[in-house]
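Just below is one structure, and these are the notes that go with it.
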Amino acid sequence: MKYFKQPVFLAGFSIILLFILGSFYYSSVKDSASPSKLLYDETGKIIDQAPFEPSDEYPLGSDQFGNNYLFAIIEGAKYTLGLVLLITIGRMIFSILGSFILLAVPLFIRKFISSLTDIFHFAPLSIFAYLLIAPALVAFSWSYSDFTQFMIATVVLIFLTVPVLALQIANEITILSKEEFIQHAPLLGGGRIHIFIKHILPCLAPKLFLITVQQAGQTLSILAHLAFLKIFVGGFNDITYGEEEDTYVRTFSDSFEWGGLIVQNWSFYYAEPQLVIAPVCCFVLCIIAFNLMISGITRADNPSLRLKKKKSFVSTAAASHAFIPLKKEGMNR
C-alpha cells in the first residue's frame, strides 16, 4: 500500500495501532480481582486510601476505587477508538448511500440541500451534538436504558455530518462522470453499476479514504468536546454517597472511555490535575496521529507536493547558472 511508504502516515498509523493493541493486550492479562482501596507499607500498616497519589506503583495515581489510572486509560483506549471507528464507518456508509440519492434527484433539489448544509461548514458541530444528545443523556437519562442512550448518542454522531459528506461525495462522482473515458463507457455496453465499480470507484477510493481518516479525527475531537460538556457517551452509573439528608451523587464511567474519565474526575481537577490532563493528552496525541495520516495520504496521492520545493530549487539554480554564461557571452561580443 502506497500510504505506508509515507513516514508521516506510518507514524500516525503506528500511534493509533499501538493504543488499540496495547488496550486489548492489557484487558487480556489484567487481574480480574477487585483492586484494593487501601495502600499498605512493608509492615502492613495502612498508609493511604484511594484515590492514591502518583507514585512508582501508580504513575498517574488511582481513582476512587483503587484502579491504577494509567491502566484505566490504556483499557479505555479500545472503547474510545472503537467508538470513533464505529461512528466513522457509519458516516461513510450512509454518506455514500446518500450521495446516490442526491445524484438521482433533480439538480435544483441538490442545490437547495447544498444551501441548507452550508451552515455545518461554519457552526461548531460539538454544539449541535450536545443539543441533540443532552435530552437523552442528561435531562431524561432516567427514562432510557444504557443501551438506548448509547444508540442515541451514536446515531446522532453518525448522522451529524452525513448531509455534508453525501453532498461532497456526490459532487466528486459528478466530476468523475464528466471524464471522457467514463462518458464513452456506455457506448461499449457498460451499465451504471459496472461503470461505477470498474471506472468511478477506483478513482474515487483515494478520496474516500482521505475523507474517512478526516472524519475519524473530527469524531475524536467532538468526543473530547462533549466530555467537557459532561456527556458520557460510553455509558455511566450514579453512586450515592452519604447518609440520610446529607447525601450527594457522583457519576462514573462504565467503560473507562477517555471522555468519561474527564467528566468523572473534573471535580478533582485542581486537587489531582493529572486525572483530567492524562486523558486530554491521549485525545490530543490521537488527533495529531490522525492529522499525520491525513498529511501522508495527501502526499501519496499528490507526489507533486513533495517535489514542488525541490523542483523550484533546481529550476532557480539552473536559471541562474544559465543566465551568467549568456550574459558573459553577450559582453564578449
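Quick caveat, the model's predicted, so the values are computed rather than measured. Residues: numbered from 1 along the sequence shown.
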Inset, instruction - Please round to the nearest 0.5 Å and tell me the distance separating atom CD1 of I20 and atom OH of Y79. - result: 13.5 Å

Inset, instruction - Any chance you could measure L210, atom CG, to M293, atom CE, to the nearest 0.5 Å? - result: 10.5 Å

Legend entry - Non-hydrogen side-chain atoms of E257 and L261 separated by less than 4.5 Å: no

Inset, instruction - Taking all heavy atoms of I169 and all of I96, pick out the closest pair and write down the distance. - result: CD1-CG1, 4.0 Å

Legend entry - Heavy-atom closest pair, residues S95 and L165: OG-CB, 3.2 Å

Inset, instruction - Identify the two heavy atoms, one from P163 and one from T117, that lie closest to each other, and give their separation to 0.1 Å. - result: CB-CG2, 3.6 Å

Inset, instruction - Examine distances only and state if a side-chain atom of S221 and a backbone atom of G217 form a donor-acceptor pair shorter than 3.5 Å. - result: no

Legend entry - Heavy-atom check, side chain of L226 versus side chain of Y130, under 4.5 Å: yes

Legend entry - Whether S295 side chain and N291 backbone form a donor-acceptor pair below 3.5 Å: no

Inset, instruction - Would you indicate whether the side-chain heavy atoms of L157 and L223 approach each other to under 4.5 Å? - result: yes

Inset, instruction - Applying side-chain contact (heavy atoms from CB on, under 4.5 Å), name anything that partners F112, two or more places apart in sequence or on another chain. - result: S115, L116

Legend entry - Close side-chain approach of L132 to I152, heavy-atom, < 4.5 Å: no

Inset, instruction - Check whether any side-chain heavy atom of F19 sits under 4.5 Å from a side-chain heavy atom of I74, and report yes or no. - result: no

Legend entry - Residue pair L83, F150: steps toward the side-chain contact (heavy atoms from CB on, under 4.5 Å) verdict: CA-CA 10 Å; L83 181 60; F150 173 77; 3.7 Å; yes

Inset, instruction - For the pair W266 and F228, name the ring-plane relationship: parallel under 30°, tilted 30 to 60°, perpendicular over 60°. - result: perpendicular

Inset, instruction - Measure the CD1-SG distance between I15 and C282 for me, rounded to the nearest 0.5 Å. - result: 11.5 Å

Legend entry - Donor-acceptor pair, side chain of N302 and main chain of T298, under 3.5 angstrom: yes

Inset, instruction - Work out which heavy atom in P54 is nearest to a heavy atom in P59; give both atom names and the distance. - result: CB-O, 3.5 Å

Legend entry - Same apolar cluster (I L V M F W Y, side chains within < 4.5 Å links), I127/I158: yes

Name the atoms and distances for all side-chain donor-acceptor pairs under 3.5 Å in residues 270-278, with sequence neighbours left out.
from, atom 1, to, atom 2, distance (Å)
E272, OE1, Q274, NE2, 2.8

Legend entry - Side-chain donor or acceptor of D118 paired with backbone N/O of I113 under 3.5 Å: no

Inset, instruction - Using atom types as modelled and distance alone, determine if a side-chain donor or acceptor of N67 lies under 3.5 Å from a backbone N or O of Y69. - result: no

Inset, instruction - To the nearest 0.5 Å, tell me how far Q149 CD sits from T154 OG1. - result: 11.5 Å

Inset, instruction - Under the side-chain contact (heavy atoms from CB on, under 4.5 Å) rule, what do I47 and L38 come out as? Steps first, then yes or no, please. - result: CA-CA 8 Å; I47 58 176; L38 299 175; over 6 Å; no

Legend entry - L176 side chain reached by C203 side chain, heavy atoms, under 4.5 Å: yes

Legend entry - Distance in Å, I109 CD1 paired with L102 CG, rounded so as to fall on 0.5 Å steps: 9.5 Å

Legend entry - N/O donor-acceptor pair under 3.5 Å between N265 side chain and F268 backbone: no

Legend entry - Residues K207, D301: salt bridge by 4.0 Å N-O rule: no

Inset, instruction - Return each pair, listed once, that meets side-chain hydrogen bond (donor to acceptor under 3.5 Å, both in side chains) where at least one residue sits in residues 155-164; pairs must be two or more places apart or across chains. - result: R91-T161, T161-Q215

Legend entry - ILVMFWY cluster, V233 and F128 together (side-chain gap under 4.5 Å): yes

Inset, instruction - Show your reasoning for whether side-chain contact (heavy atoms from CB on, under 4.5 Å) applies to F13 and Y3. - result: CA-CA 10 Å; F13 180 80; Y3 301 121; over 6 Å; no

Legend entry - Heavy-atom closest contact (A134 atom, I231 atom, distance): CA-CD1, 4.3 Å

Legend entry - Residue pairs passing the side-chain hydrogen bond (donor to acceptor under 3.5 Å, both in side chains) test where at least one lies in residues 98-114, sequence neighbours excluded: R110-T174

Inset, instruction - Spell out, yes or no, whether F24 and W258 are grouped together once hydrophobic residues are joined by side-chain heavy atoms under 4.5 Å, including indirect joins. - result: yes

Inset, instruction - Report the residues that fulfil ring pair (Phe, Tyr, Trp, His ring centres under 6.0 Å) with F159, sequence neighbours left out, ordered by chain and then residue number. - result: F94

Inset, instruction - Return the set of residues passing salt bridge (Lys or Arg N to Asp or Glu O under 4.0 Å) with E75 (not counting sequence neighbours), or none when no residue passes. - result: K30

Legend entry - Where S23 and G76 come nearest, the two heavy atoms and their spacing: OG-N, 4.4 Å

Legend entry - Heavy-atom check, side chain of P35 versus side chain of N68, under 4.5 Å: no

Inset, instruction - Could you tell me whether K2 atom NZ has more than 12 heavy atoms of other residues or ligands within 6.0 Å of it? - result: yes

Legend entry - V84 with L17, same ILVMFWY side-chain cluster at under 4.5 Å: yes

Legend entry - Cluster link L292 to L285, ILVMFWY, side chain under 4.5 Å: yes

Legend entry - Separation of I294 CD1 from T212 OG1 (nearest 0.5 Å): 10.5 Å

Inset, instruction - Decide if the gap between the ring center of F71 and the ring center of F256 is smaller than 6.0 angstrom. - result: no

Inset, instruction - Show your reasoning for whether side-chain contact (heavy atoms from CB on, under 4.5 Å) applies to I87 and I222. - result: CA-CA 11 Å; I87 293 172; I222 292 176; over 6 Å; no

Inset, instruction - Please confirm whether F9 and F4 have ring centers closer than 6.0 angstrom. - result: yes

